[in-house]
Amino acid sequence: MDKNAKYLDPNLDLEKRVNDLIKRLNIDEKITLIRGKDFWTTNPIDRLEIPSFGMTDGPLGVAWHSSHWGKHTRFPATIGLAATWNKELAYKMGEVLGKETKLAGRHQILGPGVNIIRSPLCGRNFEYLSEDPILSSNIASELVRGIQSQNIAACIKHYITNNSETKRMKISTEISERAFQEIYVKNYMRIIKKSDPWGLMVCYNKFNGIYGPENKYILKDILRDQIGFIGHVTSDWGAARNTSGAAACIKAGLSLEMPGMLLGRVLTPKKVQKALDAGEIVEEDINYILKPLLRTFMRVGLFEQEEESYLKVTDIPEHQDIAQQIAEESMVLLKNDSDILPLNLKAIKKIAIIGPNAKKKFGKPFQGGSSAVIPPRFITPYNGIKRYVSKSAEIIDDPKDADITLLIIGLDHGGGFFKTLLFKTEGDTEGSDRTHYGLPQKQIKLINETVAKNPKTIIILIAGSPIDCSDWYDNVPAILNAWYPGMMGGNALARVLFGEVNPSGKLPVTYPKKIQDHPAHKSKKRFPGDLKEMKIYFDEGIFVGYRYFDKHKIEPFFPFGFGLSYSEFELSNIQSDKSNLQGKGNFTISVEVKNTGKIAGAEVIQIYIGDDECSVERPPKELQGFEKVYLNPGEKKTVSITLDDSSFEFYSEKEKKFISESGSFTIWAGTSSRELPLSIKINYLK
Ligand code: BGC
C-alpha cells in the first residue's frame with residue numbers, strides 16, 4: 001500500500017484519482033468490485049485499502065431492513081412531497097436523508113424513486129412524484145442535491161419505463177421514440193443535468209424487448225451519450241439476467257450488480273472471467289464500467305472515512321420537524337363546502353375520529369416493499385388530533401352524538417410484506433398494482449352510513465395514489481387528501497384541520513372521473529399490459545396525464561395542479577420581460593398574486609406553455625415552471641419565474657433530437673392546469 005498514492009489524496013482532481021486507482025487494481029480485484037458482497041455492501045479490497053461501499057433503501061427515509069435494522073425518520077410518501085410543490089422542502093428532506101444515511105453507516109441511499117406516474121393504479125405511485133416530467137424533475141433534483149450535500153450518493157430509480165408493477169421482472173415496454181424522449185427521458189435528463197446524481201438504478205423490466213441492465217440503448221446511447229450521466233449504474237436487486245450474460249451487461253454499461261448473493265447471478269467472477277477468456281469483453285470494458293463506481297467511492301469520501309460505525313436509532317427532533325412541515329404542506333384540500341374547514345375548536349365539544357386509517361401505524365417491516373422505514377415513534381391521525389383537542393373537546397365513538405366527525409379512510413401498503421405476498425392484498429405497494437380505482441366497498445359503505453348519522457363528516461384520505469371519489473363526493477361536505485403523511489402525520493393533520501396551517505398542497509397527478517377516461521387505461525394492452533405477449537404498450541404516447549385530458553377535452557374529476565385553500569388568491573398583471581426570444585436564452589414571466597382572503601396562506605403559481613402552431617401534434621399546454629408564494633391576508637407579491645428556450649421544445653424523431661420551431665407560443669399562468677386566468681404571447685425565433 002502506497003500511502004502517497006494519488007487516489008488517496010482527496011485534494012486531487014477526481015478524474016486523476018479514479019485513473020490512478022484503475023491502474024493499481026488487478027483484474028481479479030476489478031471483477032470483485034462490480035458485484036456486491038452481500039445484500040447491501042460491495043467487496044472491500046484490503047490490499048489497496050478500499051473499504052466496503054454501503055447502500056440503504058429509500059426513498060421515504062432510511063429503510064429498516066437495509067440499515068442494520070435501524071429506526072429512522074419516516075417522511076411523508078414522496079408523492080406527498082411533490083404535492084407541496086416546494087423545492088426548498090425537497091432539498092431539506094434530501095439533507096436529512098443524507099445525514100441519516102451517514103448515521104446509519106451507509107454511503108448511498110437508493111432513492112429518490114422518480115418513475116413518471118403513468119397510471120393511477122401503479123402500486124409504487126406513493127414512492128414516485130408526478131405524472132409530469134417538469135414537476136417530477138424539479139422536486140427530484142432538489143432531493144438529490146440535498147442528499148449529496150452530505151457526501152452521500154443519491155440513486156435515482158428505476159431507469160426507465162418501470163411505471164407499473166405487474167410482471168415487472170418480465171414485461172417489455174413498447175413505446176415510440178418521441179414519447180420515450182419527451183416524457184420519460186426528459187424527466188431523467190433534467191434531474192441529471194440539474195443535480196448530477198452520483199448513482200442510478202436500472203430497472204427490472206425490458207425496454208423494447210431487452211432487459212434494462214443489458215440494454216445498451218438505454219444505458220449507453222441515451223444515458224451516457226445523450227444525457228452525459230457520469231455516475232454509476234446499479235442493477236435493481238436481481239435485475240441482471242443470464243439472458244445475454246455478463247458480457248452484455250458490461251458492454252451496456254452496468255457498473256454494479258446487486259445484490260452479491262442469491263439474486264445476483266450474472267457478474268460473478270467465474271462468468272466475467274469466462275467472458276474475458278472468450279474474448280467477448282476486454283479489460284478496457286471493465287474499466288469503463290468501474291470508473292463511474294470508483295468516482296462515487298471518491299465523491300462520498302470512502303477512502304477518508306474512519307472506522308465503520310452506525311447508529312441503530314436516529315431520533316432527531318429537527319429532522320422530524322421537517323417531516324411534519326412536509327406533511328403539512330403536502331395535504332390537498334379537495335372539497336370544502338360552506339367553509340366547514342377549518343374547524344373552530346371553540347365551537348366543538350365532541351369529535352368522532354373513526355375509520356380504518358385513523359389509528360393505523362405505517363412503518364412496519366417491508367410494509368409496502370423496499371421503502372419501509374420504521375420510525376422511532378409514529379403519530380397516528382387519531383393520536384395527533386386527540387392530543388390537539390384534548391383540553392377542550394371530547395373524543396367519542398358514535399358519529400351520531402358528535403359535533404363533527406373525522407372519517408379517516410383510504411388505502412394502505414397492503415398490510416405487510418408476507419400478507420401482501422400470500423394474500424395479494426391490494427394497496428400502495430411494491431410488487432403489485434391496484435386493480436380498482438375506487439375505495440374498498442366496505443369503506444364506501446362506511447362513508448354512507450356515517451354521513452347518514454352525521455352530515456358534518458369530513459373525509460380524510462390516507463393514500464399514495466389517486467382514488468375515485470365520484471360515488472360519495474356529493475354526500476360529504478369536505479375532503480382532505482393527506483397522502484401518507486409520515487411519522488408526524490397526526491400532528492400535521494390536526495394543525496391543518498383546525499386552521500393553524502392553511503392547506504397549500506396541489507395534486508401532482510390527475511384524478512379521472514372514471515378509470516376508463518385515463519390514457520393509460522384505454523385498453524388492457526396499455527395497462528397492466530398484454531400478459532400473454534408480456535408487453536406493455538405505452539400507446540398514449542406523449543399524451544400522459546393532463547396532456548391527454550386537455551387534448552381530448554375530457555373533464556377530470558380533479559385536475560392536475562388542483563388544491564383549495566382556506567384563503568383566496570387573485571392573480572393579475574402577467575408580464576414577460578421579452579416578447580421575442582431568439583435562439584438560446586432565458587425569459588422571465590412575472591405575475592402579481594394577492595391574498596384576498598382572511599387567513600395567511602400559500603399559493604402555487606403554475607406556468608404552462610402551448611405551441612400556437614406546429615408541424616407535429618403537441619399537447620395543448622405543458623407545465624414549464626412554478627413557484628410557491630406565502631402571503632398574509634391582503635398582501636400582494638410579484639412572482640417571477642425564469643424559463644429558457646427548452647420550454648418550447650419537442651422531440652423530433654426526424655432529427656433525432658429536441659428541437660423548437662419558430663413561431664408564437666401562449667404562456668398561461670394560474671393555480672391549476674384547469675384554472676389559468678392569465679395569458680400572454682411570446683414569439684420564438686430559432
Ligand atoms: C426495488 C428497489 C430497491 C431494491 C433493494 C427492489 O426490489 O425495486 O427499489 O431499492 O429492491 O431493496
Side-chain angles (χ1 to χ4, degrees), residues 35-42 53-70 72 77-79 97 101 104 106-117 122-129 140 143-144 147 152-171 173 188 197-207 211-213 231-241 254-266 365-374 413-414 417-418 420-421 428-433 464:
R35 179 168 172 263
K37 178 174 76 161
D38 48 34
F39 248 77
W40 308 112
T41 64
T42 63
F53 172 80
M55 294 151 259
T56 180
D57 259 317
L60 275 52
V62 173
W64 171 79
H65 57 273
S66 49
S67 66
H68 311 96
W69 322 111
H72 308 283
T78 39
I79 191 172
L97 293 180
T101 301
R106 301 296 196 205
H107 307 98
Q108 181 175 44
I109 184 156
L110 304 172
V114 303
N115 291 109
I116 291 289
I117 299 182
C122 169
R124 289 187 98 169
N125 283 342
F126 71 102
E127 287 185 69
Y128 299 149
L129 297 159
L143 267 169
V144 170
I147 293 168
I152 289 294
C155 180
I156 52 173
K157 67 187 189 183
H158 311 83
Y159 180 81
I160 194 167
T161 66
N162 176 192
N163 306 84
S164 46
E165 291 296 285
T166 309
K167 302 285 175 201
R168 66 175 173 160
M169 309 270 182
K170 287 192 183 145
I171 209 151
T173 301
Y188 278 92
W198 300 342
L200 169 144
M201 186 185 288
V202 65
C203 59
Y204 286 116
N205 53 285
K206 292 178 181 168
F207 177 84
Y211 282 115
H232 77 274
V233 175
T234 311
S235 67
D236 199 343
W237 268 226
R241 309 303 160 89
L254 179 70
S255 300
L256 176 63
E257 181 185 26
M258 287 302 291
M261 56 205 278
L262 301 175
L263 307 167
R265 56 222 147 163
V266 178
F366 297 108
Q367 195 183 46
S370 60
S371 66
V373 177
I374 303 192
H413 292 310
F417 183 67
F418 293 108
T420 308
L421 205 71
D428 286 308
T429 183
E430 181 179 339
S432 64
D433 294 314

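When a ligand or atom number is given, it counts from 1 through the structure's own listing order. For the numbers below, each heavy atom of this structure counts, side chains included, while hydrogens, waters and symmetry mates do not.
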Less than 3.5 Å between some nitrogen or oxygen of R168 and one of ligand 1, yes or no?
yes
Which heavy atom of I147 sits nearest to which heavy atom of P112, and what is that distance?
CD1-CD, 4.3 Å
List ligand 1 atoms under 4.0 Å from Y204, heavy atoms only on the residue side.
6 (C), 7 (O), 8 (O)
Just which atoms of ligand 1 are under 4.0 Å from any heavy atom in H158?
2 (C), 8 (O), 9 (O)
Test item, W40 contacting ligand 1 (heavy atom, 4.0 angstrom):
yes
Please identify which atoms of ligand 1 are closer than 4.0 Å to at least one heavy atom of S370.
1 (C), 2 (C), 3 (C), 9 (O), 12 (O)
Taking all non-hydrogen atoms of both residues into account, name the closest pair between T56 and R106 and its distance.
CB-CG, 3.8 Å
Ring centres of H65 and F366 under 6.0 Å apart?
yes
Within-cut-off N or O pair, W237 and ligand 1, under 3.5 Å:
no
Of T56, D57, L110, which has the heavy atom at the shortest distance from atom 10 (O) of ligand 1?
D57
To check you understand the geometry: which heavy-atom pair defines the closest contact between F39 and P259, and what is its length?
CA-CB, 3.7 Å
Any side-chain heavy atom of L60 sitting closer than 4.5 Å to one from F126?
yes
Heavy-atom check, side chain of C155 versus side chain of M55, under 4.5 Å:
no
Could you see which bit of R124 sits under 4.0 Å from ligand 1, with heavy atoms only: side chain, backbone, both or neither?
side chain
Would F39 count as a contact residue for ligand 1, given that I'm defining contact as a non-hydrogen atom of the residue lying under 4.0 Å from a ligand atom?
no
Test item: R168 and N162 side chains (from C-beta on) under 4.5 Å apart, heavy atoms:
yes
So, D433 and T166: side-chain donor and acceptor under 3.5 Å apart, yes or no?
yes
Can you check whether D236 has an N/O within less than 3.5 Å of an N/O in ligand 1?
yes
Ligand 1 versus K157, non-hydrogen atoms closer than 4.0 Å: side chain, backbone, both, neither?
side chain
Please verify whether a non-hydrogen atom of E127 lies at under 4.0 Å from ligand 1.
no
